[in-house]
Amino acid sequence: MQRAYLNAVYELAQVDKNVVLMTADNGSDFDKWFKRDLPEQYFDMGISECHMVSAAAGMSTCGKIPFIQTAGAFLAYRAFEFIRNDVCLQKSNVKMIGTGSGLSICNLGPTHHTTEDIGVLRTLPGLTILSPCSPREVSECIGAAYQIDGPVYIRIGMNGEEEIYALESDFLLGKCREVYFGNEAVIFATGSIVSEALKAAELLKKQGIGLKVVNVHTLKPISVDMITEYIKNMPIIYTLEEHNINGGLGSIILECLCEGEYQRRVVRIGLKECFAKGYGTIGELRKSNRIDFQSVVEIVKNTIGKIRN
Amino acid sequence: MEEKYELMRIRKEIFLAAYHGNCSEAHLASAFSLVEILYTLYCKDILVYRPAEPQWISRDRLVLSKGHASLALYTILAETGYFNKEILKSFCYPDSVLGGEPNKLEIPGVEATTGSLGHGLCYGIGIALGLKMDQSPAKTYVIIGDGECEEGSVWEGVMSAYRYELDNLTVIMDCNHLQKMNSVSATMRIDEWRTKWEAFGWSVEVVDGHNTEELKKILQKPKKEKVPQIIIAKTVKGKGVSIMEDNVQWHYKLPNRKELKAFICELGVSEEELKPCKGHI
């Protein structure tokens with residue numbers, strides 16, 4: 001996903017000399033290519049996230065379009081007040097890329113996990129929040145962010161995500177995408193963890209349960225009517241996120257339901273009032289924290305039965 | 001001599017804006033310490049700007065990082081024609097564009113919305129970098145406070161400005177030695193700034209921040225190439241009204257009836273000027 005992100009920014013920067021890439025001592029080999037080919041448009045601001053955010057906002061007043069990147073945890077938490085005052089309050093045209101979102105940076109533990117970023121950032125007026133689930137969707141989100149004249153935050157996982165979309169895809173900013181058909185229940189998922197929802201839906205299908213999977217790549221703004229369309233014929237709703245259930249996708253869906261005309265039971269799957277436990281691969285970490293596909297299967301089976309009866 | 005009265009008049013305008021404003025407190029003392037600095041920049045041919053064209057691409061940019069001194073900036077912007085002086089009388093009224101901290105989106109001539117300390121330098125560095133990319137001759141000026149330098153983000157910016165060789169950036173420190181609750185020295189055991197900024201590679205000048213000729217001379221001096229510059233302007237917080245000068249109690253305050261006399265006498269305020277204004281904008 002990081003590669004897809006950087007390729008997309010690289011392509012934009014080649015065409016539009018106002019596009020710049022800023023990092024806070026963060027990145028990969030791909031950044032080195034960018035720096036080699038477009039040195040005038042590359043700024044390593046050092047280990048100083050607050051400064052990077054503020055400088056990007058200042059630079060945007062000169063017509064530049066900064067894409068700034070670092071680990072989502074450092075960007076969203078440490079630099080929050082700078083994102084609020086310098087980017088959102090001043091409507092700065094800055095694109096903020098939180099890499100390694102969710103539990104991607106597995107073994108470094110909760111200081112490096114981005115499991116509350118949606119919760120804190122979606123309180124900010126005027127900020128668009130995108131959470132792509134596959135490399136192609138990352139490129140599409142970067143393209144959409146470039147078109148927006150204003151602040152955007154994109155959270156990008158770093159788990160070697162597989163592609164789930166065809167070359168000609170139907171990405172539309174603000175519009176959820178159904179990625180698996182089912183007619184008994186719906187699960188909303190966002191970011192890398194959409195893959196776990198997909199695996200769960202496939203397993204459940206074999207067991208006779210039809211779970212629709214909806215990828216919510218645009219977390220903000222979100223349309224109540226659009227969410228309502230997905231839930232109106234479903235007796236029970238699930239949400240899955242590599243994030244705290246409070247403030248994240250689970251809360252977003254609850255809010256949509258409360259503001260809409262249908263009342264449904266919602267089961268939120270994610271981190272529950274805790275920081276992530278354990279270490280290991282992303283699969284192991286998801287399993288330890290009961291947000292992997294098997295946990296989803298188990299939770300769905302335990303809850304859908306009651307509705308069926 | 002004429003300039004002396006001009007500066008006194010500007011202080012009076014600042015005071016009157018707060019006095020007639022919809023507020024029971026104001027950062028008068030911080031605004032007063034800044035008057036000569038802003039006056040020199042805007043009225044003595046340092047900044048290049050066009051009040052009728054606030055977004056003119058080649059303008060010099062001034063970021064007031066210590067946004068709480070907004071009244072001084074508003075008054076100077078009105079003096080120079082960015083907006084009508086009558087608007088100063090609307091300070092802090094519900095529909096006013098002039099609040100306690102400057103808002104870029106609403107006030108012509110304001111380059112950055114500030115208020116939270118430790119932002120303006122980083123923001124100004126971004127502007128200076130952007131101008132460099134475009135090979136613009138425009139300069140960036142950032143005014144910070146000495147107490148503000150207790151914010152860690154200031155030092156993130158200090159490193160970065162040197163790293164990016166921002167010789168189009170001038171920081172002016174309104175070094176009035178006081179912060180909200182105490183002196184800077186008593187709060188953080190800092191008595192001098194020159195060596196600290198020099199240690200980070202900056203070109204440092206120290207000047208009497210109330211002497212406009214000295215300020216002008218230093219601001220006009222050719223800049224060292226490839227290094228950012230800071231001018232440490234030694235000032236007196238509350239300068240111009242004796243009871244407010246160098247007095248920590250005046251950080252966020254307006255005079256009571258008894259204290260008002262000092263303002264009236266020392267700033268030459270007339271009875272007429274103290275009468276309630278009608279029809280605030």
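First the proteins, then the strands, lettered A, B, ... as listed; each starts at 1. FYI, side chains are in, hydrogens and waters are out, and symmetry mates aren't considered; it's all heavy atoms of this structure.
- The 12-atom threshold is not exceeded at NZ of B:K180, counting heavy atoms of other residues, nucleotides or ligands nearer than 6.0 Å.
- Distance CD/B:E156 to CE/A:M52: 10.0 Å, rounded to 0.5 Å.
- Contact of A:V53 with chain B is not made at all, since no heavy-atom distance falls under 4.5 Å.
- Taking a 6.0 Å sphere around NZ of B:K196, one finds it holds more than 12 heavy atoms contributed by other residues, nucleotides or ligands.
- With hydrogens and angles left out, the side-chain atoms of A:E81 and B:S116 include a donor and acceptor closer than 3.5 Å.
- Among B:K104, B:Q55, B:H119, the residue with the largest count of heavy-atom pairs under 4.5 Å with chain A is B:H119.
- Contacts between B:L105 and chain A at a heavy-atom distance below 4.5 Å involve the side chain alone, from C-beta outward.
- Between chain B and the residues A:D44, A:N18, A:I47, the largest count of heavy-atom pairs under 4.5 Å involves A:D44.
- Counting heavy-atom neighbours within 6.0 Å of A:R36 CZ, excluding the residue itself, gives a total above 12.
- Other residues, nucleotides and ligands place no more than 12 heavy atoms under 6.0 Å from the CZ atom of A:R84.
- The number of heavy-atom neighbours closer than 6.0 Å to OH of A:Y77, taken from other residues, nucleotides and ligands shown, is above 12.
- With contacts defined as side-chain heavy-atom distances shorter than 4.5 Å, the pair B:Y164/A:M45 qualifies.
- Enclosure of atom CZ in A:R122 by more than 12 non-hydrogen atoms of other residues, nucleotides or ligands within 6.0 angstrom is indicated.
- Interatomic distance, A:S92 OG to B:Y123 OH, rounded to the nearest 0.5 Å: 4.5 Å.
- In plain terms, the two heavy atoms of B:T113 and A:D86 that are nearest each other are O-OD1, 4.5 Å.
- A distance of 6.0 Å separates CE of A:M22 from CG of B:L129, quoted to the nearest 0.5 Å.
- No more than 12 heavy atoms of other residues, nucleotides or ligands sit less than 6.0 Å from atom CD of B:E225.
- Rounded to the nearest 0.5 angstrom, A:Q90 CD and B:N103 CG are separated by 8.0 Å.
- More than 12 heavy atoms of other residues, nucleotides or ligands lie within 6.0 Å of NZ in B:K223, so this atom counts as buried by the packing criterion.
- B:S153 OG to A:H51 NE2: the interatomic distance, rounded to the nearest 0.5 Å, is 9.5 Å.
- No option in A:C50, A:S54, A:S48 other than A:S54 meets the side-chain contact (heavy atoms from CB on, under 4.5 Å) test with B:C122.
- In terms of heavy-atom pairs under 4.5 angstrom with chain A, the leader among B:I57, B:V154, B:I127, B:V63 is B:I127.
- Looking at A:E40, only its backbone comes within 4.5 Å of chain B, counting heavy atoms on both sides.
- Contact of the B:M133 side chain with the A:C62 side chain is not registered, since no non-hydrogen atoms from C-beta on lie closer than 4.5 Å.
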